[in-house]
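Report on one structure; see the data block that follows.
The structure presented is a predicted model; accordingly, all values stated were derived computationally and were not measured. Below, each value reflects all heavy atoms present in this structure, side chains not excepted, and no hydrogens, waters or symmetry copies.
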Amino acid sequence: STQSTWGLYAGPLVNTIEWSYYFKVAAVMVMIYWPSRYMWYLSLEHTSVAANTVIFQCSCVFCFLLSVPLLQEKVTCPKMLAVAFCLAGVALVSIFSSKDDPEATAVEQTPMGYVFLILSVLTFSMYEVGTKRWGQVESDPAPLLSSCRFLFTVGFVTAFEGVPVLILWHFLGIETFEWPGEHIPALLANVGLDAVLNLSMVSLISLSSPVFTSLVLMLVVPLTMFLDVILHGSRLPIVAMIGVVVLLVGFALMNWTEHAERKKAATEDPLLSSPAEPLL
């Protein structure tokens, strides 16, 4: 029998959710995601702002390469052009908007900083593609809700695996714990925003693809620059503005490509375009 789950679709009963599968996948994915974020934080102090931004956004390239064997992603000229446009746009925005910033250029750059950054990019790409490949149960008629369950288990396993590690690192002197004090409100706000980001990212991956999600995340770069102009009166160079346009062209091209592929798939398989098919 079936019933409406959370009022979103008429699917199987809640007790048929394969929680054991989610926890097994989460146990592995956490060991990829957590080191990725930690290595990125380590790289911030030893890489320039521009280089860090550009190199990290190269995750879309690695997502593309990993998606070919794991997700049977089709390699097409429009997709490659979209990725190239987005990378070029991010490079222009990042380099030319921060080259005159004394704080951005005062970082002590080290080879180890870039090693941490590259490893972070590789593992983050693995997490994105792995989320699409193993973060959903094929029998689940609601991919979005499946993503929410997956993210819940990832958070639970992170606390279960990460807290003992942090306690051990504290006593070994690797990462000493300090009470945040007056910074608690800002820390809680950051945690909330990070939760929204992760939920949005995992949901977008489930509804589209890791490559498309990586390109969407690139839009954070020009949005950040424009907010800096509005809030702090910074000036955005002409070349950086051109980079924003190039980035938007690449994003629009990928969006069009994804739409064309979905339309073609719906034509070949009428069930994909059936009104009875749940949207979520």
>> Tell me if a side-chain donor or acceptor on Tyr21 pairs with a main-chain N or O of Trp134 at a distance below 3.5 Å.
In response: yes

> Apart from Leu188 itself, which Ile, Leu, Val, Met, Phe, Trp or Tyr residues share its cluster (side-chain heavy atoms under 4.5 Å, direct or through members)?
Replying inline: Phe177, Trp179, Ile184

>> side-chain contact (heavy atoms from CB on, under 4.5 Å) for Phe56 and Phe124? Distances and angles first, verdict last.
In response: CA-CA 9 Å; Phe56 189 81; Phe124 185 70; 4.0 Å; yes

>> Using only atom types and a distance under 3.5 Å, with no angle test, would you say the side chain of Ser36 pairs donor to acceptor with the backbone of Ser120?
In response: yes

>> Please determine whether side-chain contact (heavy atoms from CB on, under 4.5 Å) holds for the pair Leu168 and Ile174, giving the CA-CA distance in whole Å, both sets of side-chain angles, and the decisive distance to 0.1 Å.
In response: CA-CA 9 Å; Leu168 178 63; Ile174 298 175; over 6 Å; no

> Is it true that a side-chain atom of Ser203 and a backbone atom of Ser200 form a donor plus acceptor pair closer than 3.5 Å?
Replying inline: no

>> Apply the hydrophobic cluster definition, ILVMFWY joined by side-chain contacts under 4.5 Å directly or through others, and give me every member besides Leu223.
In response: none

>> Please check this pair: side chain of Lys79 against backbone of Met254, looking for a donor-acceptor N/O pair closer than 3.5 Å.
In response: no

>> If you define the side chain from C-beta out and look only at heavy atoms, does anything of Glu261 sit under 4.5 Å from Thr257?
In response: yes

> Can a donor-acceptor pair be found between the side chains of Ser209 and Glu73 at a distance below 3.5 Å?
Replying inline: no

> Side chains of Met218 and Leu215: does their closest heavy-atom pair fall under 4.5 Å?
Replying inline: yes

> Under the side chain to side chain donor-acceptor pair (under 3.5 Å) test, which residues partner Ser59, sequence neighbours left out?
Replying inline: none

> Any side-chain donor-acceptor pair under 3.5 Å between Asp194 and Asn190?
Replying inline: no

> How about Leu197 and Leu217: do any of their side-chain heavy atoms sit closer than 4.5 Å?
Replying inline: yes

> Considering only heavy atoms from C-beta outward, does the side chain of Trp40 approach that of Asn52 to under 4.5 Å?
Replying inline: yes

> Stepwise, does the side-chain contact (heavy atoms from CB on, under 4.5 Å) test hold for Met29 with Tyr127?
Replying inline: CA-CA 6 Å; Met29 298 304 292; Tyr127 173 77; 3.6 Å; yes

>> Is the shortest side-chain heavy-atom distance between Tyr114 and His46 below 4.5 Å?
In response: no

> Does a side-chain heavy-atom distance below 4.5 Å link Met201 with Ile205?
Replying inline: yes

>> Are Thr131 and Leu151 packed together at the side-chain level, in the sense that at least one heavy-atom pair is separated by less than 4.5 angstrom?
In response: no

>> Please evaluate residues Ser214 and Glu128 with respect to the criterion side chain to side chain donor-acceptor pair (under 3.5 Å), reporting the C-alpha separation (whole Å), side-chain torsions for both, the decisive distance (0.1 Å), and the verdict.
In response: CA-CA 9 Å; Ser214 296; Glu128 287 187 286; 3.1 Å; yes

>> Test side-chain contact (heavy atoms from CB on, under 4.5 Å) on Val25 and Phe150; report intermediate values, then the result.
In response: CA-CA 8 Å; Val25 174; Phe150 171 72; 3.7 Å; yes

> Considering residues, nucleotides and ligands other than Trp169, do more than 12 of their heavy atoms fall under 6.0 Å from its CH2?
Replying inline: yes

>> Set out, in order, the CA-CA distance, both residues' side-chain angles and the distance that settles ring-ring contact (aromatic ring centres under 6.0 Å, His included) for Phe156 and Trp19, then state yes or no.
In response: CA-CA 12 Å; Phe156 183 86; Trp19 287 106; over 10 Å; no

